[in-house]
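As structure tokens, the structure follows; a few thoughts come after it.
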Amino acid sequence: MSMSQKTAWIQLVIFSALTLSWVILFAINGTIFYWQEDTFKMTFYWLCAAAFAALVIMNVTAGIIQSLNKEIVDERDKLIFRKASLWATGVSYSVVAALLLVLSITYMNENSDTVPVYFPLFIVIVGGVTLLLTQAITAILLYGRRVDHG
């Protein structure tokens with residue numbers, strides 16, 4: 001298993017845990033409006049910070065291991081990374097656009113001229129998580145494909 005595959009699996013674990021913790025937090029809170037109570041707001045931000053710290057630690061560790069082992073990255077690894085990045089960008093942009101559309105429709109129906117400052121931050125965080133999850137899943141799927149040279 002290449003270092004790219006290992007980091008994709010670790011990313012998948014980190015962001016799956018983050019997503020699961022969000023679902024649990026929102027279920028306990030009863031709504032996605034986490035900012036309405038300070039305890040839930042701080043819990044949400046600490047969960048995001050922990051996932052970000054885990055991601056940084058994973059990338060630094062992978063970089064150090066890769067430089068020590070002088071692991072060779074071949075054309076297949078580069079192609080998989082490129083395809084995974086393209087898929088992830090498209091999916092995350094679609095998710096962000098859908099969330100912005102839902103936000104706009106919701107506040108237009110309520111005849112509100114103001115949007116809480118937490119909504120754009122939430123949309124950016126969800127877009128980032130979607131980007132990294134999609135990239136990790138796509139990379140794992142592409143590495144799992146068999147190539148027939150016959």
Side-chain angles (χ1 to χ4, degrees), residues 1-67 71 73 76-146:
M1 186 182 298
S2 71
M3 186 57 73
S4 299
Q5 274 181 291
K6 291 175 187 173
T7 56
W9 276 108
I10 295 169
Q11 272 184 334
L12 187 61
V13 168
I14 290 170
F15 286 106
S16 295
L18 178 64
T19 304
L20 180 64
S21 64
W22 282 354
V23 169
I24 292 169
L25 180 68
F26 296 155
I28 291 171
N29 194 20
T31 179
I32 64 165
F33 303 114
Y34 63 90
W35 56 84
Q36 292 176 342
E37 188 178 324
D38 285 339
T39 305
F40 286 110
K41 179 171 58 174
M42 290 312 298
T43 305
F44 179 82
Y45 290 137
W46 277 110
L47 291 171
C48 293
F52 181 75
L55 185 67
V56 168
I57 291 168
M58 184 262 319
N59 280 321
V60 168
T61 305
I64 291 170
I65 291 171
Q66 201 167 13
S67 68
E71 185 175 310
V73 179
R76 181 172 182 249
D77 289 331
K78 291 177 185 176
L79 181 64
I80 287 174
F81 180 76
R82 197 173 314 127
K83 283 183 180 180
S85 295
L86 285 172
W87 272 99
T89 303
V91 171
S92 67
Y93 280 164
S94 299
V95 167
V96 167
L99 288 174
L100 288 171
L101 184 63
V102 167
L103 178 67
S104 298
I105 291 171
T106 302
Y107 278 87
M108 279 188 225
N109 285 340
E110 293 179 3
N111 292 327
S112 178
D113 292 332
T114 60
V115 176
V117 71
Y118 297 103
F119 267 123
L121 178 61
F122 179 71
I123 290 171
V124 167
I125 291 171
V126 169
V129 169
T130 303
L131 178 102
L132 292 172
L133 270 175
T134 306
Q135 187 176 26
I137 291 168
T138 306
I140 290 168
L141 291 174
L142 290 174
Y143 271 112
R145 289 183 35 203
R146 298 274 184 227

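Residue numbers run from 1 in the order of the sequence given. Side chains are part of it too, since the values below use all heavy atoms of this structure and drop only hydrogens, waters and symmetry mates.
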Quick check: closest heavy atoms across Thr43 and Thr39, and the distance to 0.1 Å?
OG1-O, 2.7 Å
What pair of heavy atoms forms the shortest contact from Gln11 to Ala136, and how long is it?
OE1-CB, 3.7 Å
Aromatic ring pairing Phe44/Phe122, orientation class (parallel under 30°, perpendicular over 60°, tilted between)
tilted
State, to 0.1 Å, how close Thr7 and Ala62 come at their nearest heavy-atom pair, and which atoms those are.
CG2-CB, 3.5 Å
When rounded to the nearest 0.5 Å, the distance separating CG of Leu20 from CZ of Phe15 is 14.5 Å
What's the shortest heavy-atom distance between Ala51 and Ile14, and which atoms?
O-CG2, 3.8 Å
pair Ile137-Trp87: side-chain heavy atoms closer than 4.5 Å:
no
Tell me the closest heavy-atom pair linking Ala139 and Ala84, and the distance in Å.
N-CB, 3.9 Å
Taking the side chain as every heavy atom from C-beta outward, state whether Arg76 and Leu79 have any atom pair closer than 4.5 Å.
no
Within a strict 4.5 Å, meaning less than it, do heavy atoms of the Lys41 and Asp38 side chains meet?
yes
Validation: residues 88-100 side-chain donor-acceptor distances under 3.5 Å, sequence neighbours left out:
from	atom 1	to	atom 2	distance (Å)
Thr89	OG1	Ser85	O	2.7
Ser92	OG	Ala88	O	3.0
Ser92	OG	Thr89	O	3.2
Ser94	OG	Gly90	O	2.8

Validation row: Asp77, Tyr143 side chains within 4.5 angstrom (heavy atoms):
yes
Would you say that Met58 contacts Leu55 through its side chain, given a criterion of any heavy-atom pair below 4.5 Å between the two side chains?
yes
One should read off an interatomic distance between Leu86 CG and Thr134 OG1, to the nearest 0.5 angstrom, of 12.5 Å
Side chain to side chain, Trp22 and Ile125, heavy atoms closer than 4.5 Å
yes
Looking at CD1 of Ile10 and CD of Gln5, how far apart are the two atoms once the value is rounded to the nearest 0.5 Å?
12.0 Å
